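All figures in this text were calculated on a predicted structure; none of them were measured in a lab. Counting from 1, the numbers follow the sequence of the chain as shown.
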Amino acid sequence: MFDKLFRKMKSADAPANNETNELALAFAALMVETARIDQHYGDDEAAIIDRALTNKFNMTASEAAALRAEAETAQETAFDIQRFTKIAKSMPQEDKIALIEELWEIVLSDGVKDSYEDTLIRKICGLVYVDDQDSGAARNRVAAKIAQKNEPMR
């Protein structure tokens, strides 16, 4: 099913496309893991994941939803997150930080920061080589964006 999402890409680009497919799945699976860690995986978090996939990988909404579904299955059957972080580790540093921002958006979207969520993000940061300072800055950017969005109009 995952390969069907990228069928429109040229076969000459197959090695690059396969890397993109693996990276997209890893990116999505890490977001699903983060959304599920507090036992409250809802529509708001699924929407954040879909939006991030749409933006990052230039997908349609239906392609992003299908990839998220694939990532949910991959995350459920994975023994640990290292399968996904190993792939994400190859991203450029700015993409790793963007991933961490997306993870913080999922964590902060419900207004409750759980200790399991903190621990998971710290673990992911360590595995993809994002330091605490960059993670904290990413968290602060996301928190400011959420606060601004929730601020009443004057």
Side-chain angles (χ1 to χ4, degrees), residues 1-11 13-131 134-135 138-139 141-143 145-146 149:
M1 178 164 102
F2 184 72
D3 290 331
K4 292 177 189 175
L5 294 175
F6 299 96
R7 211 181 276 180
K8 61 188 165 192
M9 295 179 180
K10 296 178 183 173
S11 61
D13 297 331
N17 289 342
N18 191 38
E19 288 176 19
T20 300
N21 295 352
E22 289 179 9
L23 181 59
L25 181 60
F27 198 92
L30 290 170
M31 288 190 292
V32 168
E33 177 79 20
T34 302
R36 286 182 168 166
I37 196 76
D38 67 355
Q39 305 297 314
H40 300 286
Y41 179 41
D43 292 339
D44 290 344
E45 293 168 322
I48 292 168
I49 294 168
D50 289 354
R51 180 195 41 75
L53 295 173
T54 299
N55 293 338
K56 171 82 175 138
F57 297 101
N58 198 28
M59 298 179 167
T60 66
S62 62
E63 288 170 336
L67 177 57
R68 179 179 37 83
E70 183 78 11
E72 290 168 352
T73 301
Q75 184 270 334
E76 284 174 2
T77 60
F79 291 113
D80 59 28
I81 62 170
Q82 290 182 348
R83 170 184 167 197
F84 308 116
T85 58
K86 180 180 175 183
I87 296 165
K89 195 182 302 185
S90 68
M91 295 187 301
Q93 191 65 17
E94 62 271 7
D95 288 346
K96 292 176 190 178
I97 293 170
L99 167 64
I100 299 304
E101 279 191 38
E102 296 296 346
L103 300 180
W104 278 118
E105 185 171 356
I106 291 167
V107 167
L108 299 175
S109 68
D110 63 2
V112 179
K113 194 170 70 166
D114 182 277
S115 64
Y116 292 112
E117 294 168 327
D118 269 344
T119 301
L120 177 63
I121 290 184
R122 183 173 284 252
K123 181 177 183 177
I124 291 170
C125 285
L127 290 169
V128 301
Y129 306 129
V130 171
D131 62 35
D134 286 336
S135 177
R139 181 188 61 234
R141 285 189 298 273
V142 170
K145 184 172 80 172
I146 289 171
K149 188 169 68 170

Checklist entry - Are any side-chain N or O atoms of K89 and backbone N or O atoms of V128, one a donor and one an acceptor, separated by less than 3.5 Å? => result no
Item to check | R51 with E102: basic N within carboxylate O range, under 4.0 Å | outcome: yes
Checklist entry - Can you name the closest pair of heavy atoms from A64 and L53 and give their distance? => result O-CD1, 3.7 Å
Item to check | Under 3.5 Å side-chain donor-acceptor pair for Y129 and Q93 | outcome: no
Checklist entry - Taking atom types as modelled, is there a side-chain donor on S135 or W104 under 3.5 Å from an acceptor on the other? => result yes
Item to check | Where L99 and A88 come nearest, the two heavy atoms and their spacing | outcome: CD2-CB, 4.3 Å
Item to check | Flag, side chain of T119 to backbone of Y116, donor-acceptor distance under 3.5 Å | outcome: no
Item to check | Over 12 non-hydrogen atoms of neighbours within 6.0 angstrom of CG in D43 | outcome: no
Checklist entry - Do side-chain atoms of R139 reach the backbone of D134 as a donor and acceptor pair under 3.5 angstrom? => result no
Checklist entry - Is the distance between the ring centroids of F84 and F27 under 6.0 Å? => result no
Checklist entry - Is the closest basic N to carboxylate O distance between E76 and R36 below 4.0 Å? => result yes
Checklist entry - Counting only heavy atoms not in D44, do more than 12 fall under 6.0 Å of its CG? => result no
Checklist entry - Side chain of T77, backbone of T73: donor and acceptor closer than 3.5 Å? => result yes
